[in-house]
Amino acid sequence: MRSIYMTEDLEAVRSQTRAYVEREIVPNAPDWETEGVPREVLDDMGKLGFFGLRIPEEHGGIGLGALASVVFAEELGRSTYGGFTITVLVHTDLAVPYVLNFGRPEQKAHWLPKFASGELITAIAISEPDAGSDVAAIRTTARREGDGFVINGTKMFITNGTIADLVLVAAKTDPGVKGSRGVSILAVEKGADGFTTGRTLEKMGWHSSDTAELVFEEVWVDDDNLIGEENQGFYYIMSNFQNERLAIMGQALGESQRALELTVDYVKHRQAFGSSLWEKQAIRQRIAMRQAEIDAGRELTYRAAWLADQGEEAVREISEVKAYVGELANRVLYDCVQFHGGMGFIAETAVERLYRDVRIASIGGGATEVMLEEVAKRL
Ligand SMILES: Cc1cc2nc3c(=O)[nH]c(=O)nc-3n(C[C@H](O)[C@H](O)[C@H](O)COP(=O)(O)OP(=O)(O)OC[C@H]3O[C@@H](n4cnc5c(N)ncnc54)[C@H](O)[C@@H]3O)c2cc1C
């Protein structure tokens with residue numbers, strides 16, 4: 001679909017990502033649903049420059065904005081393998097922005113080139129067994145000791161938890177103050193003493209994505225691993241959530257669009273009651289309405305990303321996107337499975353997988369209800 005927000009650069013991101021996904025991801029990803037995404041794939045994507053879209057040229061990337069992340073995420077989403085897509089996006093758009101947006105100059109110089117090349121894969125660990133939507137309720141602590149901090153606590157549902165080389169951990173550095181204050185972000189390297197990954201969690205969808213519980217017992221990190229400034233973490237999290245929500249809704253849009261295309265193709269061929277399913281007005285009109293909604297959701301998402309790229313505060317717009325597109329993806333996949341009939345229920349058809357994969361779109365990264373509160377506050 002044409003959009004006034006598209007530029008030559010964005011079209012290049014789209015066409016290069018689409019070609020890569022069709023050539024390297026779609027034929028191989030079925031195996032990853034049981035084995036996980038191989039590290040060589042991430043290495044390859046890093047070498048080809050896919051991880052550097054947002055990273056400035058001086059640090060090894062090409063310095064594009066949030067719109068590029070949305071387009072990239074849409075194209076990864078079109079692979080129909082949500083677990084693969086989130087593995088990449090957690091690195092490029094959920095974790096890396098902490099260093100990109102708030103890292104000190106020496107931290108950027110040290111880490112960003114390694115993030116861009118794929119030498120280091122990252123994760124972001126905020127959620128805990130007793131703190132998800134309510135980020136201010138986190139209990140993990142980091143107490144000052146000498147030239148660094150000692151971290152204690154447990155993180156829950158962490159994507160890339162076992163494969164990441166560097167985990168950015170939200171911890172309370174000043175437990176004496178109210179919830180949202182006194183939080184800092186600390187980078188913990190894989191293999192640090194006292195840092196273990198607990199259970200790898202079995203999930204409804206995103207099967208190729210690694211989701212783990214992380215345990216920190218007296219884990220010491222140097223001052224150099226404190227991202228940005230001490231006690232500013234809550235602000236960093238809320239700010240980076242905006243980028244995260246745009247990226248994961250880009251994914252949901254790509255998945256919805258691809259699922260609808262596969263469904264149009266299916267119903268045009270499938271015969272019942274003397275004609276194709278497409279010739280039943282009820283079916284083609286529902287599909288047409290879902291297409292209209294996807295187009296609306298995409299424009300809403302592009303507009304919000306464009307505003308963010310202009311440096312505008314776009315919390316209301318991005319929260320609207322997260323609420324609208326997260327719910328929409330579930331409606332689209334419900335219909336796609338319905339119109340595939342029994343085939344839509346058979347494991348490992350693309351729509352069956354996507355139906356499971358998109359369920360999280362209205363929960364992760366800000367549940368619909370939490371997003372609607374953000375919108376309501378601003379009405
Ligand atoms: C597969 C997967 C991967 C994840 N990856 C990561 C990761 O990499 N890093 C990370 O830090 N976290 C990650 N998460 C955690 C994710 O962000 C949280 O699950 C999400 O924020 C919701 O938190 P919760 O599960 O604790 O639900 P809760 O906060 O317990 O909320 C449960 C439900 O209650 C409703 N609700 C909550 N608050 C309100 C309200 N104020 N008003 C009305 N209704 C409300 C919503 O419907 C919500 O879904 C992941 C989760 C999953 C399942």
Side-chain angles (χ1 to χ4, degrees), residues 90-91 94-112 114-115 120-199 201 210-241 243-244 365-366:
V90 161
H91 174 60
L94 276 61
V96 165
Y98 284 84
V99 177
L100 185 65
N101 296 329
F102 300 109
R104 289 175 258 141
E106 61 277 16
Q107 293 177 323
K108 292 185 188 188
H110 178 64
W111 276 315
L112 291 180
K114 295 178 179 162
F115 296 161
L120 292 182
I121 296 297
T122 53
I124 173 74
I126 300 168
S127 304
E128 298 185 358
D130 295 314
S133 305
D134 185 5
V135 174
I138 63 166
R139 290 189 195 159
T140 296
T141 56
R143 69 170 191 276
R144 223 182 215 295
E145 208 167 282
D147 296 336
F149 297 86
V150 176
I151 307 173
N152 280 288
T154 302
K155 294 291 176 180
M156 192 63 172
F157 303 139
I158 306 309
T159 304
N160 294 353
T162 65
I163 65 167
D165 306 293
L166 195 75
V167 182
L168 302 169
V169 181
K172 298 239 28 170
T173 31
D174 187 354
V177 296
K178 187 178 150 273
S180 59
R181 298 201 203 120
V183 174
S184 300
I185 306 293
L186 296 144
V188 180
E189 279 140 38
K190 192 179 201 161
D193 280 348
F195 169 32
T196 50
T197 50
R199 292 177 299 145
L201 304 163
D210 135 52
T211 310
E213 191 178 51
L214 309 184
V215 181
F216 301 88
E217 288 171 308
E218 294 286 294
V219 178
W220 191 83
V221 294
D222 193 87
D223 261 345
D224 293 343
N225 288 27
L226 168 71
I227 305 299
E229 290 175 39
E230 195 172 340
N231 297 330
Q232 294 301 305
F234 193 80
Y235 164 69
Y236 298 166
I237 293 168
M238 292 304 136
S239 172
N240 284 339
F241 267 168
N243 189 70
E244 163 171 347

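The figures that follow rest on heavy atoms only: side chains count, while hydrogens, waters and symmetry mates do not. Just so you know, these numbers come straight off a predicted model, no measurement behind them.
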Please report the interatomic distance CG(Asn152) to OG1(Thr141), rounded to the nearest 0.5 Å. 5.0 Å

Find the distance between OG1 (Thr211) and CZ (Phe157) and round it off to the nearest 0.5 Å. 9.0 Å

If you measure from CG on Asn231 to CD1 on Ile185, what distance do you get to the nearest 0.5 Å? 11.0 Å

Let me see the working for Val135 and Phe241 under side chain to side chain contact (heavy atoms under 4.5 Å, CB included), right down to the final yes or no. CA-CA 11 Å; Val135 174; Phe241 267 168; 4.0 Å; yes

Quick check on side chain to side chain contact (heavy atoms under 4.5 Å, CB included): which of Ile124, Val167, Ile138, Val215 does Lys155 satisfy it with? Ile138

Apply side chain to side chain contact (heavy atoms under 4.5 Å, CB included) to Phe149 and Asn225, showing your working. CA-CA 9 Å; Phe149 297 86; Asn225 288 27; over 6 Å; no

Less than 4.5 Å apart, side chain to side chain, heavy atoms only: is that true for Asp174 and Arg181? no

dist Leu100:CG -> Ile227:CD1 (nearest 0.5 Å) comes out at 11.5 Å

Mind checking whether Val150 and Trp220 have side chains closer than 4.5 Å, heavy atoms only? yes

Determine whether Ile237 and Tyr98 satisfy the following criterion, side chain to side chain contact (heavy atoms under 4.5 Å, CB included), listing intermediate values before the conclusion. CA-CA 8 Å; Ile237 293 168; Tyr98 284 84; 3.7 Å; yes

In the structure I gave you, are the side-chain heavy atoms of Asp130 and Met156 within less than 4.5 Å of one another anywhere? no

Check: Phe102 and Gln107 side chains under 4.5 Å, non-hydrogen atoms: no

To the nearest 0.5 Å, tell me how far Trp111 CH2 sits from Asp224 CG. 7.5 Å

Looking only at heavy atoms, which two atoms of Asn160 and Ile121 are closest? And how far apart? ND2-CG2, 4.2 Å

Please report the shortest heavy-atom distance between Ala131 and Ala137, naming the atom on each side. CB-C, 3.7 Å

Looking only at heavy atoms, the pair that brings Ala187 and Val221 closest together is O-CG1, 3.6 Å

Please check this pair: side chain of His91 against backbone of Ala164, looking for a donor-acceptor N/O pair closer than 3.5 Å. no

Report, as yes or no, whether the 6.0 Å neighbourhood of atom CZ on Arg139 holds more than 12 heavy atoms from other residues, nucleotides or ligands. no

Which atom names give the shortest non-hydrogen contact between Val90 and Ala123, and what distance separates them? CG1-CA, 4.2 Å

Walk me through whether Arg144 and Thr173 qualify under side chain to side chain contact (heavy atoms under 4.5 Å, CB included). CA-CA 7 Å; Arg144 223 182 215 295; Thr173 31; over 6 Å; no

Nearest heavy-atom neighbours spanning Gly161 and Ala212: CA-CB, 4.2 Å

Approximate separation, where rounding is to 0.5 Å, of Lys190 NZ and Leu166 CG: 11.0 Å

So, do Val96 and Leu112 sit near enough that their side-chain heavy atoms are less than 4.5 Å apart? yes

Which pair of non-hydrogen atoms, one from Leu214 and one from Ala125, has the smallest distance, and what is that distance? CD1-CB, 4.2 Å

Can you check whether Asn101's main-chain N or O pairs, donor with acceptor, with Tyr236's side chain at less than 3.5 Å? no

